[in-house]
Amino acid sequence: MAQAGFEQLVGDFEFLEDWEDRYRMVIEMGRDMAALPEALKVPATKVEGCASQVWLHVTWDGPRLRFQGESDAMIVRGLIAVLHRLYDGLSAQEVLATDARAELGRLGLNEHLSAQRSNGLRAMVERIRAEADAA
């Protein structure tokens, strides 16, 4: 089961019929995210496999995953915000049980992202899952 914020996003996407409007919404979500402090933009937080610069900083609030992220690309920053809605606040077990491909498929992202962005999104999901697996 996805987070309530992600369910709201699914509903919002269903309401927006035009993909340009959906892209605008994703970009706005990215703009609304807090900036990742420069001190956290280090090799350890950099996500490899993304065409743009991407950093994810994962922490644990007790058993709950918390993460911040940033990218130098607007749409990718928005995709980080989408992943934040999907994963932030879940336990490690819940993160690992979440079928990100299926959940993101509910947004129609699979059909509307370029191959490079899809690979980058996959790399971000793999990083989050790896952090949960190590927890």
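Side-chain atoms are counted along with the backbone in the values below, which use heavy atoms only and exclude waters and symmetry mates. Keep in mind it's a predicted model, so treat the numbers as computed, not measured.
The side-chain heavy atoms of V10 and F15, taken from C-beta on, include no pair separated by under 4.5 Å. With contacts defined as side-chain heavy-atom distances shorter than 4.5 Å, the pair M124/V76 qualifies.
Hydrophobic clustering, with ILVMFWY side chains joined whenever heavy atoms are under 4.5 angstrom apart, groups L86 together with I128. Hydrophobic cluster membership differs between L90 and L96, with clusters built from Ile, Leu, Val, Met, Phe, Trp and Tyr side chains linked at under 4.5 angstrom. Hydrophobic clustering (side-chain heavy atoms under 4.5 Å, transitive across Ile, Leu, Val, Met, Phe, Trp, Tyr) keeps L36 apart from F67.
Considering only residues two or more places apart in sequence or on other chains, P43 meets the side-chain contact (heavy atoms from CB on, under 4.5 Å) condition with none of them. Taking Q116 as the reference, A51, S114 meet the side-chain contact (heavy atoms from CB on, under 4.5 Å) condition, with sequence neighbours excluded.
The CD1 atom of I80 sits 11.0 Å away from atom CD of Q68, with the distance rounded to the nearest 0.5 Å. Taking CZ of R85 as the start and CD of Q8 as the end, the distance is 7.0 Å to the nearest 0.5 Å.
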Side chains of residues 57-64: which donor-acceptor partners sit under 3.5 Å, not counting sequence neighbours?
{"from": "R64", "atom 1": "NH1", "to": "G89", "atom 2": "O", "distance (Å)": "3.4"}
{"from": "R64", "atom 1": "NH1", "to": "E94", "atom 2": "OE1", "distance (Å)": "2.7"}

If you look only at distance, which donor and acceptor atoms sit under 3.5 Å apart when one is on a side chain in residues 23-33 and the other is two or more places apart or in another chain?
{"from": "Y23", "atom 1": "OH", "to": "H112", "atom 2": "O", "distance (Å)": "2.0"}
{"from": "R24", "atom 1": "NH1", "to": "D21", "atom 2": "OD1", "distance (Å)": "2.4"}
{"from": "E28", "atom 1": "OE2", "to": "R31", "atom 2": "NH1", "distance (Å)": "2.7"}

Checking side chain to side chain contact (heavy atoms under 4.5 Å, CB included) for the pair L113/L79: CA distance, chi angles, key distance, verdict? CA-CA 10 Å; L113 291 178; L79 293 174; 4.2 Å; yes
Output, in order, the C-alpha distance, side-chain angles, deciding distance and verdict of side chain to side chain contact (heavy atoms under 4.5 Å, CB included) for L83 and F6. CA-CA 9 Å; L83 291 178; F6 187 79; over 6 Å; no
Steps toward side chain to side chain contact (heavy atoms under 4.5 Å, CB included) verdict (D72, V54): CA-CA 7 Å; D72 60 352; V54 177; 6.0 Å; no
Go through E70 and R77 one step at a time and tell me if the side chain to side chain contact (heavy atoms under 4.5 Å, CB included) criterion holds. CA-CA 6 Å; E70 189 153 342; R77 187 174 164 92; 3.1 Å; yes
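Counting only residues at least two apart or in different chains, ring pair (Phe, Tyr, Trp, His ring centres under 6.0 Å) contacts with residues 33-55 are absent. Pairs engaging residues 119-135 under the side chain to side chain donor-acceptor pair (under 3.5 Å) rule: N119-R122 [sequence neighbours left out].
Within the 3.5 Å criterion, the main-chain N or O of A73 finds a donor-acceptor partner in the side chain of S71. Listed for the E103 side chain is no donor-acceptor partner under 3.5 Å among the backbone atoms of T98.
Under a 4.0 Å N-O distance rule, the pair R106/E14 does not qualify as a salt bridge.
Heavy atoms of other residues, nucleotides or ligands lying less than 6.0 angstrom from CD of E111 number more than 12.
Closest approach of V125 and A100 over heavy atoms only: CG1-CB, 3.7 Å. When all heavy atoms of A132 and A92 are compared, the pair lying nearest together is O-CB, 3.4 Å.
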